[in-house]
Number of protein chains: 2
Amino acid sequence: MPVQKYRSLQIKLTPQRLAILSYLNGNKTHPSAEDIYKAVQKQYPTMSFATVYNTLEALRDKGNIRELKIDPAKKRYDPDNTPHHHLICVKCNCIVDIHEDFDLNLPGKLTRGFDLIGKSIEFYGICRKCK
Amino acid sequence: MPVQKYRSLQIKLTPQRLAILSYLNGNKTHPSAEDIYKAVQKQYPTMSFATVYNTLEALRDKGNIRELKIDPAKKRYDPDNTPHHHLICVKCNCIVDIHEDFDLNLPGKLTRGFDLIGKSIEFYGICRKCK
DNA sequence: GAGCTTGATAAGAATCATTCTTAGATGATA
DNA sequence: TATCATCTAAGAATGATTCTTATCAAGCTC
């Protein structure tokens with residue numbers, strides 16, 4: 001596992017954190033804290049939920065992962081921090097990435113004095129499995 | 001209050017429900033369950049949280065309100081069920097409606113076998129107050 | 001390398017929004 | 001008005017997340 005790669009995160013690299021980073025690296029499944037806990041626990045049986053949450057919070061604050069507001073029941077995390085959008089199944093809540101750059105700008109008269117930061121588009125539908 | 005207007009909802013119209021509907025009618029603030037509870041409690045001191053949730057669930061299932069997934073800490077409800085998007089302050093979580101029809105289509109090759117239902121665009125920024 | 005300081009970990013308690021349960025009350029309809 | 005399905009209220013239960021506390025480890029300074 002390329003520890004080097006994580007140096008730039010500027011957070012202390014402990015074995016638990018490396019295990020979480022390794023699980024997230026290249027992961028396309030948008031896991032919840034519980035998903036991550038369960039996966040990493042196999043390797044570190046003493047892993048605690050608090051460590052998972054602390055690490056995710058640190059990574060989010062460093063801009064390394066995105067916290068998704070898609071599932072009202074729980075937070076989900078997106079390790080892919082290139083700009084992209086999501087296609088979500090309204091039945092099973094599964095999420096698929098959409099790597100397409102939509103040329104979309106908010107007309108100046110509608111910004112209501114906001115300093116704009118970004119945008120996010122969610123498409124809703126029913127996935128193949130749920131049909 | 002136009003009780004007539006709510007007949008089409010096909011739900012039993014009790015005083016508590018009418019109070020909730022009246023609070024929601026024309027409301028542009030995207031309230032949480034707690035906001036609604038607090039507001040309606042003034043009129044009905046015996047109102048319970050369960051009634052608020054039950055009513056919101058019924059209204060949502062009838063398509064009369066939208067449940068917003070914008071705030072990870074709590075559900076928020078949008079009484080405006082005409083198609084529109086949102087502009088959200090990342091600091092105070094305030095939400096402003098954007099009534100602009102963006103011509104936005106997901107290319108067929110990206111649908112991954114989903115039956116598409118709809119889309120939702122969120123713009124993020126910092127509002128005038130929070131600057 | 002020893003000691004120090006800061007931050008991380010583990011375990012469980014605490015919190016908070018939401019959902020469930022139950023018994024009793026009320027609206028809708030004929 | 002009688003019937004019945006549904007609603008209400010109160011509080012318990014749930015479940016994700018956050019907080020607390022006591023250790024422990026990493027990385028710096030000397």
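The chains referred to below are lettered A, B, ... by the order of the sequence lines, with proteins before strands, and numbering in each begins at 1. Keep in mind that the numbers below use all heavy atoms, side chains included, and drop hydrogens, waters and symmetry copies. On a predicted model such as this, the values are computed, not experimentally measured, just so you know.
Per the geometry, CG belonging to B/Asp61 stands 14 Å off C1' belonging to C/dT19, to the nearest Å. For A/Tyr37 and C/dT9, the OH to C1' distance is 13 Å, given to the nearest whole Å. As rounded to whole Å, 16 Å separates atom P of C/dT15 from atom CD of B/Glu34. Protein atom CG of B/Leu59 is 11 Å distant from nucleotide atom P of D/dC7, rounded to whole Å. Spacing between atom CD of A/Gln41 and atom C1' of C/dA10 amounts to 12 Å, rounded to whole angstrom units. Between B/Asp35 atom CG and C/dT18 atom C1' there is a gap of 15 Å when expressed in whole angstrom units. Residue A/Glu57 contributes atom CD, which lies 15 Å from atom C1' of C/dT9 at whole-angstrom precision.
A donor-acceptor distance shorter than 3.5 angstrom exists from the side chain of A/Thr55 to the backbone of A/Thr51, with no hydrogens or angles considered. Panel note: side chain A/Arg66, backbone A/Arg60; no donor-acceptor pair is recorded below 3.5 Å. In terms of modelled atom types and a separation under 3.5 Å, the side chain of A/Asn93 and the main chain of A/Ile88 share no donor-acceptor contact. Judged purely by atom type and a 3.5 angstrom limit, B/Arg76 uses its side chain to pair as donor or acceptor with the backbone of B/His30. A distance-only check finds a donor-acceptor pair linking the side chain of A/Asn27 to the backbone of A/Tyr23 [under 3.5 Å]. Looking only at distances, no side-chain donor or acceptor of A/Arg128 sits under 3.5 Å from a matching main-chain atom of B/Asp115.
The residue among B/Phe49 and A/Pro45 whose nearest nucleotide of DNA chain C is located toward the 5' end is A/Pro45. A residue-by-residue look at A/Tyr44 and B/Ala33 shows that A/Tyr44 has its nearest nucleotide of DNA chain C further toward the 5' end.
At its two ends the helix from C/dG1-D/dC30 to C/dA30-D/dT1 runs along axes set 40° apart, each axis drawn from five pairs and the angle rounded to 10°.
Of all the residues in residues 66-79 of chain A, A/Ala73, A/Lys74, A/Lys75 reach under 4.0 Å from DNA chain D with at least one non-hydrogen atom.
Side-chain proximity of B/Gln16 to D/dC7, D/dA9, C/dA10: nearest is D/dA9. Candidate nucleotides D/dT8, C/dT19, C/dA10 were compared by shortest atom distance to the side chain of B/Thr55, and D/dT8 ranks first. The side chain of A/Met47 sits closest to C/dA10 out of D/dT17, C/dA10, C/dT19.
Residues in residues 27-41 of chain A take part in these salt bridge (charged side-chain N to carboxylate O under 4.0 Å, His left out) pairs, two or more places apart or across chains: A/Lys28-A/Asp80, A/Glu34-A/Lys38, A/Glu34-A/Lys74.
The phosphate of D/dT6 has neither OP1 nor OP2 within less than 4.0 Å of any side-chain N or O from B/Arg17. Note on B/Thr46: a side-chain N or O is less than 4.0 Å away from OP1 or OP2 of D/dA9. One finds no side-chain N or O of A/Tyr53 lying less than 4.0 angstrom from the OP1 or OP2 phosphate oxygen of D/dT18.
Crowding of A/Asp101 atom CG: a count of heavy atoms from other residues, nucleotides or ligands under 6.0 Å not exceeding 12.
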Q: Would you give a per-nucleotide map of nucleotides 21-30 of chain C, 5' to 3', where B means the base has a protein non-hydrogen atom under 4.0 Å away, S means only the sugar-phosphate does, and - means neither?
A: ------BS--
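With respect to the salt-bridge test (charged N to carboxylate O, under 4.0 angstrom), the residues B/Asp71 and A/Lys69 do not qualify.
Here B/Glu122 pairs with B/Ser120 under the side chain to side chain donor-acceptor pair (under 3.5 Å) rule; sequence neighbours left out. Contacts of B/Asp78 classified as side chain to side chain donor-acceptor pair (under 3.5 Å), with partners at least two apart in sequence or in another chain: B/His84, B/His86.
The aromatic ring centres of A/His85 and A/Phe102 sit less than 6.0 Å apart.
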